[in-house]
2 protein chains.
Amino acid sequence: MKYAFGVDVGGTSVKMGLVSEEGELLDKWEIPTRVEDAGKNVLPDIAISIKEKILEKGISAADVCGTGIGLPGPVDDEGVIRKAVNLHWDRVFNVAEELSGLLDGMKVRAGNDANVAALGEYWRGAGKDFGDMVMVTLGTGVGGGIIHHGKIYAGVTGAGGEIGHLCINPEETIKCNCQNSGCLEQYASATGIVRLLKEELAASDEDSEMRHTDISAKNMWEAVKHGDALSIRVAEKFGYYLGLGLSIIAGVVNPEVFVLGGGVSMSGDVILPFIEKNFTEHAFHACRDAKILRATLGNDAGVMGAAKLVID
Amino acid sequence: MKYAFGVDVGGTSVKMGLVSEEGELLDKWEIPTRVEDAGKNVLPDIAISIKEKILEKGISAADVCGTGIGLPGPVDDEGVIRKAVNLHWDRVFNVAEELSGLLDGMKVRAGNDANVAALGEYWRGAGKDFGDMVMVTLGTGVGGGIIHHGKIYAGVTGAGGEIGHLCINPEETIKCNCQNSGCLEQYASATGIVRLLKEELAASDEDSEMRHTDISAKNMWEAVKHGDALSIRVAEKFGYYLGLGLSIIAGVVNPEVFVLGGGVSMSGDVILPFIEKNFTEHAFHACRDAKILRATLGNDAGVMGAAKLVID
């Protein structure tokens, strides 16, 4: 059997996995992300952990295809990262080459974490029976990744599929974290949903389940399931902007399927009709048949996609 | 020397070219598009014309790489066309295979005409010094094509890069030809500019050069050069929607360059600042460095890109 290591680097912990060539996640573990000293220990810590795992499992070097790594920042096709604020990295360098050096020349490929998670869902998750795919991650922010002919579409600066900052509402006056206004992320992220909820709650005295619980995206979707009118109005705003956004993305890259991941997608199929209705209304007819599905790999998508980077 | 034939099929005429492997357009000619009888003569007429040219030039079969063909309709990666209203074709079939059969098994590749023109501009035109490119054709309508790693990005139904129908203004009440509202084409095409001009002229009695000449996109850009206030306001609307649209496209596919073609682009560099200002304002920082250039091949882009389909 041939093996690959998949590494998904976050600001707090690094998720790691040993994956078979056929796509079975044989083992997974985590190590802390040591961001002190400009994050200089992050890659060495990963290399040590991989070497330990090889010893522990008694794997022969000849049976390792390589290591794939997903990183929180834009990574181009060559493996060059420009910036990774969460890792305290402030230099432009080739992550793939550097990690390969620490692993005695092992084959290493690097990608942006959202793109790599998209590849994971395409390979072994919700996208596995489809052709071109766009993954949209609805978490604290909104990220995404495009898979074209089975490969990540990174774009020239590694920002391909970074759809959270598409300007979807030019009339918006509130600023996004990116300093623009009207970004998809301002409506379709968990943070965006909380903002919309607070606006709706402040606008009237209408009773709502949301006045008696923590204001969170998760609780809102529960309230939607119970028929809470105020929550349904917020869900409709969410669905309007996300459906419109997906229709625009479909008009650019014409995928066969959209896969929705991240925390918001965990609330279940209740989210889908709100999105689909608006997608269908705004999409150009030739792009309108794209399916919209929820991700199935959860937190393993990043590790699986990273491993796939080195499995042909 | 090796040769390829490039064929650009329109509703009235078929443009054809003999192109060297190095990208020199050695000869070009046209034949009429015979759309009668459900367009059954279109491909046979093309095959006959290519065979005649081979005889005329005394080219040996071994020196022909093949024939590429651009068509007015969605064409997928395999060469299957779904619909070509302008050619009166109403069947789904593999154009590449059928034309190859008529050319005694010659290698044939087919693509959508806007995508193929994009490939031409990428190969020998404004995009030749760049990586990933998006071409935007501003003509009677708005079309486009995405070039990724030197290849056309067709999408699953061949509608990739069909950006004329991105919904860029959900507030619009006037319907587009596609039956949606707020499409980029309603503002950024020559037709859209005329519509905006008529609206502006009807809204007041303000004097304008446009009250003393034919109302056309071409004349409007001339008036803009002369400082005509009303025309400048329309140019600003055009630039607002097109700049916003390009910023969204940049956020999805993160190209290195946009190339603007079609009739509107022929009005010169006067159009660029109106677009650039709005592009920069709305684009996500990681995608903001994309250049915006005008196409340089004019009507030859389709023939050149078609030839490139069969030149590796």
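A, B, ... follow the sequence lines: proteins, then strands. Residue 1 opens every chain.
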Aromatic centroids of B/Phe258 and B/Phe279 separated by under 6.0 Å: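 Ring centres of B/Phe258 and B/Phe279 closer than 6.0 Å.
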When only pairs under 4.5 Å are counted, which of [options] shares the most heavy-atom pairs with chain A?
options                               : result
B/Ser181, B/Gly160, B/Ala159          : B/Ala159
B/His148, B/Gln179, B/His282, B/Arg82 : B/His148
B/Val253, B/Asp132, B/Leu244          : B/Val253
B/Ser247, B/Gly131, B/Pro170          : B/Pro170
B/Gly251, B/Cys176, B/Pro255, B/Pro74 : B/Gly251

Give, as side chain, backbone, both or neither, the part of [X] having an atom under 4.5 angstrom from any heavy atom of chain B.
X        : answer
A/Ala250 : neither
A/Tyr240 : side chain
A/Asp77  : side chain
A/Ile146 : side chain

Give a yes or no on whether a salt bridge exists between [X] and [Y], defined as a side-chain N under 4.0 angstrom from a carboxylate O.
X        : Y        : result
B/Glu98  : B/Arg91  : yes
B/Lys291 : B/Glu256 : no
A/Lys277 : A/Glu281 : no

Geometric class of the B/Tyr153/A/Tyr153 ring pair [parallel <30°, tilted 30-60°, perpendicular >60°]: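 Geometry flag for B/Tyr153 against A/Tyr153: perpendicular rings.
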Per-residue contact mode, B/Ala154 against chain A (heavy atom under 4.5 angstrom): backbone
Residue part contacting chain A, namely of B/Asn180, when any heavy atom lies under 4.5 Å: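 When you check distances to chain A, only side chain atoms of B/Asn180 fall under 4.5 Å.
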Distance, nearest 0.5 Å, that separates CG of B/Leu71 from CG of B/Asn115: 11.0 Å
A/Tyr241, A/Phe274, A/Phe238 screened by ring-ring contact (aromatic ring centres under 6.0 Å, His included) with A/Tyr187, the one that passes: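 That would be A/Tyr241.
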A/Asn254-B/Thr157 side chain donor-acceptor pair, cut-off 3.5 Å: yes
